[in-house]
Number of protein chains: 2
Amino acid sequence: MKSNFNDKQIEILEVAEVLFAEKGFDGTSIRNIAKVAKINVAMVSYYFGSKERLLESLIVYRTSDLKNQLDNLLQEDLEPIDKINKLIELYINRINSNRGIYRILHFEFTSKKREQNLQAFSELKKGNLKSLETIIEEGQKKGIFRKDVIIPLITPTILGTFFHFHMNKPFFENLLNLKTEDLYNNYIKTNLTKHIQQTIKALLIYES
Amino acid sequence: MKSNFNDKQIEILEVAEVLFAEKGFDGTSIRNIAKVAKINVAMVSYYFGSKERLLESLIVYRTSDLKNQLDNLLQEDLEPIDKINKLIELYINRINSNRGIYRILHFEFTSKKREQNLQAFSELKKGNLKSLETIIEEGQKKGIFRKDVIIPLITPTILGTFFHFHMNKPFFENLLNLKTEDLYNNYIKTNLTKHIQQTIKALLIYES
DNA sequence: GTTTAAATTAAACGCTTGTTTAAATTTGTT
DNA sequence: AACAAATTTAAACAAGCGTTTAATTTAAAC
């Protein structure tokens, strides 16, 4: 799939991604972006029209292939619980290696200010939920999963756990002695992912 | 406990809380606050020194009594699982009725920009974690809770689930048909709280 | 009622913001 | 080489920013 953006645009988008993630949309100025990207301030307006539309472009640029990944997972020949585990791993991996944009989505698209641009993002979330539903209902039919779980609340538990951990990065770095970026990333890939998988598995299977 | 802020300051703090929560710290101007609070722009500098210190004051103003509530819970005569359930209820209730400040904490204190002011907030989090640890270790000694859970990751699951739900409010309002503010709040108080309690209980008790 | 301190105001400060303009430069096409 | 289109530039724009100033009003103390 070819991108709709040229090299120059992509350069700007990736600088903007880093800065937006670091300092927020409002906390980042176009001059700031221009300086880091070593371009003239006018280039952002020239290529994207406005700062707001730069943000929109960034989201399109980064979220366009998640749906495919999920569809592929759905069609794999796996037990429901393994599909769930893979889905969790996919989510964490993907968000973790695209931290910038997801942090931006998390931050900017929850305030009332930007509800208009919310449409495309909302559709993405609805699709993701549908995929999760399909897997869980499959497990329920097989009698493996309990039936009194509230499916739409499982995504908040998966993503919320990750985000809350990551949003409090300095705190957990200190608490868990994750002195280097590698140690931190490794902790997410192993311990945090396992914790979330363990949590969701227990929730889906445990009978009180 | 008497507050260190006079009536006028509290008035300003509460307006700032609403606006910061709505539009972020950078997205809110002092003139904005002044207009809503019907005061002169200079009053913020007069009473708080600067915009940054207004934020600090706001956090002190809102988080000063959480520690006491937790200590009281610890000393109640309850089974560990009931303490956990009560702790979850306490968290959700408290955060839900102080949405503004927690949204601000969630948003503003995760960026590297404000790591200096992070100290007091970090101490608060460490204290909360200690309380949770005490309860869980009690349950483990009694043989009720499994011992291979990663305790510091439980808070992210509790709070993360709530936050992720609440940060995607428009999405879930639409998905779950929560047309009024009452319906939304009620859903949090009942279904969401129950989901989190059910999740943590399963995680703590389920044996694979 | 006068004096002193606190609270409030309007105005201005210098600086940064997002965006536009119009000129200069580079690139591609014939 | 000459032309046209696309790109890049520096400069300017009006508007908003956080903060300070100095004058004025209000409140408290005597």
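Everything quoted here is computed from the prediction, not taken from an experiment. The chains referred to below are lettered A, B, ... by the order of the sequence lines, with proteins before strands, and numbering in each begins at 1.
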>> Restricting to ring-ring contact (aromatic ring centres under 6.0 Å, His included), what partner residues turn up for A:Phe162, sequence neighbours left out?
In response: A:His166
>> Once pairs are restricted to Watson-Crick or G-U wobble with both distances under 3.5 Å, how does DNA chain D read as a dot-bracket string, [ ] for crossings and | for other-strand pairs?
In response: ||.|||||||||||||||||||||||||||
>> Testing B:Glu17, B:Glu56, B:Gln9, B:Glu14 one by one against B:Tyr61 for a side-chain hydrogen bond (donor to acceptor under 3.5 Å, both in side chains), which residue passes?
In response: B:Glu14
> Hey, does B:Phe48 reach any base, or is it just sugar-phosphate, or nothing, if we go heavy atoms under 4.0 Å?
Replying inline: nothing
> Nucleotide range of DNA chain C contacted by chain B, 5' to 3', under 4.0 Å to a heavy atom?
Replying inline: C:dA6 to C:dA12
> What salt bridge (Lys or Arg N to Asp or Glu O under 4.0 Å) pairs are there with at least one residue in residues 28-44 of chain A, not counting sequence neighbours?
Replying inline: none
> Should the heavy atoms of other residues, nucleotides or ligands under 6.0 Å from CZ of A:Arg99 be counted, would the total exceed 12?
Replying inline: yes
>> Both A:Lys38 and B:Ser45 contact DNA chain D. Which one's nearest nucleotide lies toward the 5' end?
In response: A:Lys38
> Are B:Glu181 and B:Lys169 within salt-bridge range, i.e. N to O under 4.0 Å?
Replying inline: yes
> Between A:Lys51 and B:Asn40, who's closer to the 5' end of DNA chain C by nearest nucleotide?
Replying inline: B:Asn40
> Do A:Arg62 and A:Tyr102 have a side chain donor and acceptor closer than 3.5 Å?
Replying inline: no
> Are A:Glu123 and A:Lys130 close enough for a salt bridge, meaning some N to O gap below 4.0 Å?
Replying inline: no
> Which pair of heavy atoms, one from B:Leu54 and one from B:Ala16, lies closest together, and at what distance?
Replying inline: CD2-CB, 4.0 Å
> When you measure from the centre of the six-membered ring of B:Tyr47, is the NZ or CZ of B:Lys8 under 6.0 Å away and within 45° of the axis?
Replying inline: no
>> Considering only residues two or more places apart or on different chains, which pairs with a residue in residues 80-90 of chain B satisfy salt bridge (Lys or Arg N to Asp or Glu O under 4.0 Å)?
In response: B:Glu76-B:Lys86, B:Lys83-B:Glu138
>> At a heavy-atom distance below 4.0 Å, which nucleotide of DNA chain D is the first touched by chain A, and which is the last?
In response: D:dA6 to D:dA12
>> Under 4.0 Å, counting only non-hydrogen atoms across every strand here, what does B:Ser29 touch: a base, just sugar-phosphate, or nothing?
In response: sugar-phosphate
> Between B:Tyr46 and A:Ile30, which has a closest nucleotide on DNA chain C that is more 5'?
Replying inline: B:Tyr46
>> Among B:Thr157, B:Thr155, B:Thr199, B:Thr161, which residue satisfies the side-chain hydrogen bond (donor to acceptor under 3.5 Å, both in side chains) criterion with A:Thr161?
In response: B:Thr157
